[in-house]
Amino acid sequence: MGLQTYAVCKNYGETRALYDVDLCVERGEFFTLLGPSGCGKTTLLRIIAGLEMADNGRVEINGQDCTKIRANRRPVNTVFQSYAMFPHLTVLENVCFGLISRKVPKAEALEKARQTLDLVQLKGFDSRKPDQLSGGQRQRVALARALANEPEILLLDEPMSALDAKLRVQVQVELRQIQQRLEKTFIMVTHDQEEALTVSDRMAVMNVGQIAQYGTVREVYDRPLTRFVADFLQTENFIEAKAIGETEVATPYGNWTLPESIPWEAGTLSVRPENLQLARPGTPQCDLQARVVTNIYKGCYQKLILDNGLTMETDATTILEAGDTVGVHVPRESIILLYEEEIQRMKAPAPDEKEAAV
Amino acid sequence: MKRTSTLSNLTSVFIFIFLYLPMLSVVMFSFNASDMGLKWGGFSLKWYQQLVHNELILWAAWNTLVLAVVSTAFSTLIGTMLAIGLYRFPWKKRTAGKLNVLLHLPVVTPDIIFAVALVIAFSVIRYTTGLFELGLTTMIVGHITFQIAFVALAVRGRLELIGHDVEEAACDLYAGYWRVLTRVLLPMLKPGIIAGAMLAFTLSLDDFVISFFTCGPKSTTLPLFIYASVKRGITPEIHALSTIVMLVTIASVALMQKLSPNTKH
Amino acid sequence: MKRLERDDLLPQETSNVILHRGEMVRPSVIRTRQAIFVTPGLLIIIFLLALPCLSLFVVSFLTRGEYGDIEMTFTLDNVRRMLGYGFFGWSADNLLILWRSVVVAFMTTLLCILLSYPLAFFLASRPANKRVLWLTVLLVPFWTNLVIRTYAWLLVLDGNMPFARFLSFLHITEPGTTLYPSQFAVYIGMVSVFLPFVALPLYTAVEKMDWSIVEAAHDLYSSPWRVFRHAVLPQTLPGLSVGITMTFVPAMGMFVVPDMLGGARYMLVGNLIQQQFGTSRDWPFGAALSLVLMVLTLGALVAATRGSKKKGAR
């Protein structure tokens, strides 16, 4: 078992930063806290790191209660968003800092630091100062500085926000590879859903101080439970619907029969744009017809904005102009049933239930 | 993009002449061979030679140096501590406001009131404890009092640049309080501390009024000596002395410009 | 593993420690450290500056002893003396000196502003790589010892020097007249001392100025005064107000320049204070004069902060 938090709450004056957050991160997994700015994800990370004090609740690392253990005694290290380099120290001294703090003999510390710099592919930069490095190199130093201490858990606070888009993709892959090689627990905070999907095993989507949904990357992406999560993961089509039978709904586009039973009387359905398919009008496949308002060419696919409010993505081989009428097929298995936010606030399984499940 | 008119260029030339003419005349007359008055009597270095043999001047120079060095050392230490104490620790908003006023007090108080306040304080202390007879010690304490605030303000500027996260990173990397302080905070404050110390040193050399009030009968510094000599009537020796003081000033200003980070661009 | 009850966890007893910059400590530890850092500096400022300044309120109303000591007797004598009632009946001398100090400070500030604007524009228009050099050129007089700079004027204003000869050639003065001590000499000295105090902050403001506004103003209005009033002045006001405070306040208390260039004929309140603490050994009267100067200073500072706030709010 890696990290568990129970009922962590944090307020800043009147503002609620975190409310009753339960989180369970397995040892050796890459876990991501995803959410918009101000959702409390960084606060949660700082509480785990021991840089912020929870108002109440408990943080356990490997089963040991860490709530009252100082940051400088916790088996946890952080990669800061700003990297927080020590500007007066060289790269090597930066990486050694934690080891020297813990009174590791100098030779051993230097050896370990060099190894870690090798790991992040920064050989030969030992005696540079942080201001002589590029943004990407600084980020690697920050990573090495944290990893050199062999923490139980590595915390990453938006580690790529200072990098440009191209570099970011490359670093994401490298980060994932390092994590898999070391088999360490990584917990990352980000607001970039693509980044979260690229690197993580599991993730939690956070909203206003609470965890909105929690699961493997695939689970969360394929089955967003609430409108907030669906929206944050860029599911663009939201359809208001009413239940008219066990599995049948009435929508503005007609009555559809879904493959699963419907839990509410009136609610929201969602379909990803890439799941909508073109269909020849008039065939039974065609669920609805619409005019194309705008066609956005994206290279490998085109994005069609339709006059009935839906958005769809199709391959770019079918040439369509604005004003053309298209038939659309809505595959029933790709329709996502969304739940009301308040009712379905997802909780991490309680520890013993979890054990039972394993 | 930026434009200047002939008028502003002419005015500026006039201003620089206005600022430098008196200083240059002092330099010129320091090389004057003539003993009396302001008539040019040929080039000579004799005033500089006399200077080196004038015990009184050497002693005043030594005093000036001791005063500047000792007061700078103390005020740098105390001022740095004050800045760290005021801006690194949490204070109630009201208290912080009051402390801020207190910190700016030495900066805005006119010299003469500052001097009067010191004289009163020293006499009260002397009256109650018998310590602090006016002399070099009181001058040093006086200088420290006005230097502290300048050092603290210089260090504060640096502290504001640093931010929380570097200290947090140090804690995250297992550093205790002492290690954070000595290995992270102080090294990062170094440019601010050096700037503050140089400011304090220059202020001490530059000061006349506070020394004049707190010097007592027996101690003298170069500015006090020059003032007293001018009151008696200018001698060419003073020109030479002033020239040297000006040279030291130019050197220290140039050094300060070179070291200060915000004029580097 | 034992199941943790939610109620066991809430609320945690975390109130006995706080987190300060990543460090988990008891608040009392933070308070102790804070006190250690702050105490020496604050004690010095409070006991050697703040309290003595406040004590002026008391000392001003005490009596001068026979040997220049202070007697603990309440008196309003010093106030009366300041208003001009002395041994020999009423004279305007003291009031005149106070009034003159304010006027000299005001005029000095005004002259410095008038001279500093062209200078600030000149400095800001220098190429970036030369600007540090020009700034150093301005900083050297700023840091040169006040006494030396003032006595240097004694040389320049001497009767045998070209400047005085030029004036006598124009029949403005008698040949061989030394131009000090005089009001003219005091102003020359004051302006040369305080000019950098206005020019430097003003230069900083001009350097940061948005020139497109000035160009827009040139497009819209023709008169240079309106350009200055509406495009330049609002942008340079922060620098200007710093310069004004840095000049007006110390100029009121200035004592070296009037002492050396004004002599007994053109005394300012600084000289009067110095006399009381020097030759006259009349501390209570000196304290009363200092008190007046302090009140004037405070008034100027309050006016300056109010003024800049009001202008900034517009």
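Lettering follows sequence order; numbering is per chain, from 1. Just so you know, these numbers come straight off a predicted model, no measurement behind them. Note: hydrogens, waters and symmetry copies are ignored here, and every other heavy atom, side chains too, is used.
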- Message: If I compare all heavy atoms of V249(C) with all of V108(B), which pair ends up nearest, and what's the gap?
- Response: CG1-O, 3.6 Å
- Task: Please flag which part of T109(B) lies under 4.5 Å from any non-hydrogen atom of chain C: side chain, backbone, both or neither.
- Result: side chain
- Query: In terms of heavy-atom proximity below 4.5 Å to chain C, should T11(B) be classed as side chain, backbone, both, or neither?
  - Reply: side chain
- Item | Side chain / backbone / both / neither for L99(B) at chain C, heavy atoms under 4.5 Å | side chain
- Task: Would you confirm whether the ring centroid of Y227(B) sits within less than 6.0 angstrom of the ring centroid of Y151(C)?
- Result: no
- Would you say F16(B) and W134(C) make side-chain contact, with heavy atoms under 4.5 Å? yes
- Taking the six-membered ring for Trp, are F89(B) and F37(C) parallel (under 30°), tilted (30 to 60°) or perpendicular (over 60°)? tilted
- Look up atom CZ in R88(B) and atom NE2 in H20(C), then write down how far apart they are to the nearest 0.5 Å. 5.5 Å
- Among L7(B), T80(B), I84(B), which residue forms the greatest number of heavy-atom pairs with chain C at distances under 4.5 Å? I84(B)
- Using non-hydrogen atoms and a 4.5 Å limit, figure out which bit of V119(B) sits close to chain C: side chain, backbone, both or neither. both
- Task: Pick whichever of Q276(C), M254(C), M260(C), R149(C) has the most heavy-atom pairs under 4.5 Å with chain B.
- Result: M260(C)
- Check whether I144(B) gets within reach of chain C through its side chain, its backbone, both or neither, counting any heavy atom under 4.5 Å. side chain
- Task: Side chain from CB out, backbone as N, CA, C, O: work out which of these in F47(C) comes under 4.5 Å of a heavy atom of chain B, or both, or neither.
- Result: backbone
- Message: Looking at chain C, which one of H164(B), M246(B), K231(B) has the largest number of heavy-atom pairs inside 4.5 Å, strictly under?
- Response: H164(B)
- Item | Residue pairs fulfilling salt bridge (charged side-chain N to carboxylate O under 4.0 Å, His left out) with at least one residue in residues 168-178 of chain B, sequence neighbours excluded | R46(A)-E168(B)
- If you tally heavy-atom pairs under 4.5 Å against chain B, which of I30(C), V25(C), T150(C), V38(C) wins? V38(C)
- Anything under 30° is parallel, anything over 60° is perpendicular, the rest tilted; go ahead and classify F18(B) against W153(C). tilted
- With only heavy atoms counted, which part of I148(B) is less than 4.5 Å from chain C, the side chain, the backbone, both or neither? side chain
- Query: Does any heavy atom of chain C fall under 4.5 Å from the side chain of D207(B), the backbone, both, or neither of them?
  - Reply: backbone
- Query: OG of S8(B) to CZ of F121(C): how many Å apart, nearest 0.5 Å?
  - Reply: 8.5 Å
- Query: What are the two closest heavy atoms between V147(C) and P223(B), and how far apart are they?
  - Reply: CG1-O, 4.0 Å
- Trace of the side chain to side chain contact (heavy atoms under 4.5 Å, CB included) decision for V209(B) with Q274(C): CA-CA 10 Å; V209(B) 177; Q274(C) 192 270 322; over 6 Å; no
- Query: Got more than 12 heavy atoms from elsewhere within 6.0 Å of CZ, F228(C)?
  - Reply: yes
- Query: Is there a side-chain contact between L48(C) and I125(B), using heavy atoms and a 4.5 Å cut-off?
  - Reply: yes
- Item | Residue pair P22(B) / L155(C), side-chain heavy-atom distance below 4.5 Å | no
- Under a 4.5 Å cut-off applied to non-hydrogen side-chain atoms, are D111(B) and V256(C) in contact? no
- Picking from G278(C), A35(C), P141(C), A120(C), which has the most non-hydrogen pairs under 4.5 angstrom with chain B? P141(C)
- Message: Is there a side-chain contact between L56(C) and I120(B) in this structure, where contact means two heavy atoms from C-beta onward sitting under 4.5 Å apart?
- Response: yes
- Message: Is it the case that over 12 heavy atoms from other parts of the model lie below 6.0 angstrom from the CZ atom of F142(C)?
- Response: yes
- Item | Check: Q34(C) side chain, P90(B) main-chain N or O, donor-acceptor pair, under 3.5 Å | yes
- Message: Please give me the minimum heavy-atom distance between L102(B) and A50(C), naming the atom from each residue.
- Response: CD1-CB, 4.1 Å
- Query: Can you tell me how far the CE atom of M294(C) sits from the CD1 atom of I112(B), to the nearest 0.5 Å?
  - Reply: 14.0 Å
- Taking atom CZ of R126(B) as the centre, report whether more than 12 heavy atoms of other residues, nucleotides or ligands fall under 6.0 Å from it. yes
- Applying a strict 4.5 Å limit to non-hydrogen atoms, the region of I15(B) in contact with chain C is side chain
- So, do V116(B) and L289(C) sit near enough that their side-chain heavy atoms are less than 4.5 Å apart? no
- Any donor-acceptor pair under 3.5 Å linking the side chain of N145(C) with the backbone of L205(B)? yes
- Query: Within a strict 4.5 Å, meaning less than it, do heavy atoms of the F146(B) and L49(C) side chains meet?
  - Reply: no
- For chain C, find which of P110(B), A115(B), A170(B) contributes the most heavy-atom pairs closer than 4.5 angstrom. P110(B)
- Message: Apply side chain to side chain contact (heavy atoms under 4.5 Å, CB included) to residues F163(C) and L21(B) and explain how you reach the verdict.
- Response: CA-CA 11 Å; F163(C) 188 58; L21(B) 182 71; over 6 Å; no
- Rounded to the nearest 0.5 Å, the OG1 atom of T144(C) sits from the CD1 atom of I250(B) at a distance of 6.5 Å
- Are side-chain heavy atoms of S123(B) and W283(C) found at a separation under 4.5 Å? yes
- Query: With a 4.5 angstrom heavy-atom cut-off, which part of L181(B) approaches chain C: side chain, backbone, both or neither?
  - Reply: side chain
- CD1 of I113(B) to CG of L293(C), rounded to nearest 0.5 Å, is 4.0 Å
- Query: Given the options I148(C), L42(C), I36(C), T245(C), which has more heavy-atom pairs under 4.5 Å with chain B than any of the others?
  - Reply: I148(C)
- Task: Measure S12(B) against the heavy atoms of chain C and call it side chain, backbone, both or neither at under 4.5 Å.
- Result: both
- S290(C) portion near chain B, given a 4.5 angstrom heavy-atom threshold: both
- Task: Identify which part of Y177(B) has an atom lying under 4.5 Å from any heavy atom of chain C, answering side chain, backbone, both or neither.
- Result: both
- Item | Heavy-atom proximity to chain B below 4.5 Å, by part of I46(C) | side chain
- Query: Can you tell which of I273(C), D259(C), L291(C) has the highest number of heavy-atom pairs within less than 4.5 Å of chain B?
  - Reply: D259(C)
- Using a cut-off of under 4.5 Å for heavy-atom pairs, which of V141(B), V13(B), V124(B), L203(B) has the most such pairs with chain C? L203(B)
- Task: Return the option, out of V269(C), V59(C), L139(C), with the maximum number of heavy-atom pairs under 4.5 Å with chain B.
- Result: L139(C)
- Message: For Y87(B), give me all partners under ring pair (Phe, Tyr, Trp, His ring centres under 6.0 Å), at least two apart in sequence or on another chain.
- Response: none
- Message: Within this structure, what is the CD1-CG distance for the pair I238(B) and L154(C), rounded to the nearest 0.5 Å?
- Response: 12.0 Å
- Message: Among I78(B), V180(B), L222(B), which residue has the highest count of heavy-atom pairs closer than 4.5 Å to chain C?
- Response: I78(B)
